[in-house]
Amino acid sequence: MDHSNYETEELISAKSIAARVETLANEITEFYGDTEKLVVVGLLRGSFVFIADLVRELKMPVEVDFLEVSSYGNSTESSREVRILKDIRGEIKDRDVLLVEDIIDTGYTMHHVQNMLQSRGPKKMEVCALLDKPSRREVDVNVRWIGFEIPDEFVVGYGIDYAQRNRNLPYIGKIRQLT
Ligand code: IMP
Ligand code: MG
């Protein structure tokens with residue numbers, strides 16, 4: 001795919017995202033109702049806008065941490081190799097943890113991250129992903145909250161990039177290649 005000759009077409013508006021984030025946050029608040037302090041772990045870089053909006057709607061004490069793993073590079077093909085580029089700073093043993101991801105595609109990234117963090121012995125760990133492409137799934141992952149199911153399209157915006165561009169779009173758009 002050409003990294004410069006494309007346009008974006010709105011798929012999910014900023015308004016719909018905001019409404020959905022509020023609903024998700026209410027469900028999460030209820031689910032972790034009795035937690036002392038929730039550890040919200042965002043997967044960099046794609047989840048940074050989502051996590052910022054989400055934590056501001058959570059009505060409980062939270063701590064925010066970030067994890068960065070490698071996946072796509074500049075290609076639209078999902079890579080199965082997952083390496084830790086930046087680990088979280090805090091301890092999660094015996095803590096309540098919420099993992100926040102931008103998109104669940106083949107599932108390999110989340111599968112790997114879940115196994116890795118689970119081995120550190122959190123009390124309760126669940127996943128909230130903004131987007132899900134169920135038709136692309138290759139490995140089963142346990143995702144408790146999903147913002148929107150989307151078709152097999154390459155999307156950008158609201159933190160999500162295409163070759164490091166378009167993260168600053170306020171809405172989610174799909175890429176349309178121009179020739
Ligand atoms: P998975 O390991 O195949 O589930 O891939 C998940 C990762 O691929 C996500 O964290 C995204 O960063 C990236 N990804 C998947 N689909 C898209 C897309 O449509 N646009 C941008 N990044 C994507
Ligand atoms: Mg990612």
Side-chain angles (χ1 to χ4, degrees), residues 1-14 16-17 20-21 24 28 39-55 64-89 97-119 125-178:
M1 216 146 105
D2 187 327
H3 286 170
S4 53
N5 197 22
Y6 65 89
E7 56 181 32
T8 61
E9 188 186 311
E10 185 174 292
L11 197 63
I12 307 169
S13 70
S16 317
I17 298 170
R20 187 68 186 123
V21 169
L24 289 171
I28 293 166
V39 186
V40 184
V41 176
L43 263 78
L44 290 173
R45 284 171 263 176
S47 74
F48 83 102
V49 176
F50 181 38
I51 197 175
D53 282 348
L54 190 68
V55 294
V64 176
D65 212 329
F66 292 100
L67 179 72
E68 185 172 17
V69 297
S70 62
S71 48
Y72 270 80
N74 284 349
S75 142
T76 53
E77 272 306 300
S78 181
S79 136
R80 283 150 199 232
E81 303 255 323
V82 174
R83 278 184 308 124
I84 295 179
L85 300 178
K86 184 217 164 290
D87 206 342
I88 52 174
R89 293 286 294 273
V97 177
L98 177 69
L99 263 170
V100 179
E101 171 64 312
D102 55 357
I103 307 177
I104 312 287
D105 188 30
T106 64
Y108 282 105
T109 305
M110 192 43 76
H111 176 76
H112 180 88
V113 167
Q114 269 178 323
N115 285 345
M116 189 195 81
L117 294 182
Q118 205 64 62
S119 73
M125 187 174 74
E126 301 292 342
V127 177
C128 176
L130 177 66
L131 304 174
D132 182 23
K133 296 182 187 174
S135 67
R136 296 259 309 160
R137 196 74 86 256
E138 291 178 28
V139 60
D140 261 350
V141 280
N142 194 0
V143 182
R144 184 170 289 267
W145 295 282
I146 296 217
F148 303 90
E149 279 193 6
I150 58 167
D152 183 10
E153 300 275 3
F154 201 82
V155 295
V156 292
Y158 197 68
I160 301 163
D161 76 301
Y162 175 37
Q164 299 309 325
R165 292 157 55 135
N166 306 119
R167 289 192 198 273
N168 55 326
L169 286 178
Y171 56 87
I172 307 270
K174 63 178 184 187
I175 292 288
R176 205 149 57 85
Q177 201 63 47
L178 304 171

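Both ligands and their constituent atoms are indexed starting at 1 by order of listing. By convention here, the first residue in the shown sequence is residue 1. If you're wondering where the values come from, they're calculated on a predicted model, not measured in any experiment.
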Next item on the list: Can you sort out which atoms of ligand 1 are near T109, meaning under 4.0 Å from one of its heavy atoms?
Entry: 1 (P), 2 (O), 5 (O), 6 (C)

Notebook entry, point to check: Under 4.0 Å from any heavy atom of D161, which atoms of ligand 1 are there?
Noted result: 21 (C)

Notebook entry, point to check: If you measure from the Lys or Arg side-chain nitrogens to the Asp or Glu carboxylate oxygens, is any gap between E68 and K86 under 4.0 Å?
Noted result: no

Margin query: Within ligand 1, which atoms have a heavy atom of D102 less than 4.0 Å away?
Written below: 9 (C), 10 (O), 11 (C), 12 (O)

Note to self: Looking at R83, is its backbone amide N or carbonyl O close enough to the side chain of S70 to form a donor-acceptor pair, meaning the two atoms are under 3.5 Å apart?
What the structure shows: yes

Margin query: Using heavy atoms and a 4.0 Å limit, tell me yes or no: is R136 in contact with ligand 1?
Written below: no

Check: Short question: side chain of E126, backbone of V143 - any donor-acceptor pair under 3.5 Å?
Finding: no

Margin query: Below a 4.0 angstrom heavy-atom separation, can you tell me which part of E153, side chain or backbone, both or neither, approaches ligand 1?
Written below: backbone

Notebook entry, point to check: If you count the atoms of ligand 1 from 1 in the order shown, which ones are under 4.0 Å from a heavy atom of E101?
Noted result: 9 (C), 10 (O)

Check: Does atom CG of D140 have more than 12 heavy-atom neighbours, drawn from other residues, nucleotides or ligands, at distances under 6.0 Å?
Finding: no

Note to self: Test of understanding: given a 4.0 Å heavy-atom threshold, classify the contact between L43 and ligand 1 as side chain, backbone, both, or neither.
What the structure shows: neither

Note to self: Test of understanding: given a 4.0 Å heavy-atom threshold, classify the contact between I160 and ligand 1 as side chain, backbone, both, or neither.
What the structure shows: side chain

Margin query: Heavy-atom contact check, 4.0 Å cutoff: does G46 meet ligand 1?
Written below: no

Checklist line | Side chain proximity check, F66 to I51, heavy atoms < 4.5 angstrom | finding: yes

Next item on the list: Using a strict 4.0 Å cut-off to heavy atoms of V155, name the atoms of ligand 1 that fall inside it.
Entry: 18 (C), 19 (O), 20 (N), 21 (C)

Margin query: I'd like to check W145 versus L98 (side-chain heavy atoms, cut-off strictly below 4.5 Å). Are they in contact?
Written below: yes

Notebook entry, point to check: Any non-hydrogen atom of V156 lying under 4.0 Å from ligand 1?
Noted result: no

Note to self: I want to confirm something. Looking only at heavy atoms, which of D105, L131, I172, I104 is nearest to atom 5 (O) of ligand 1?
What the structure shows: D105

Notebook entry, point to check: Can you check salt bridge (Lys or Arg N to Asp or Glu O under 4.0 Å) on R137 and D132, steps first, answer last?
Noted result: CA-CA 9 Å; R137 196 74 86 256; D132 182 23; 2.6 Å; yes

Item checked: ligand 1 atoms in contact with K133 (distance to a heavy atom under 4.0 Å) -> 16 (N), 17 (C), 18 (C), 19 (O)

Notebook entry, point to check: Mind checking whether F50 and Y158 have parallel, tilted or perpendicular rings, split at 30° and 60°?
Noted result: tilted

Item checked: ligand 1 to G107 polar contact by distance, N or O atoms, under 3.5 Å -> yes

Item checked: Pairing of R167 and D161 as salt bridge, 4.0 angstrom limit -> yes

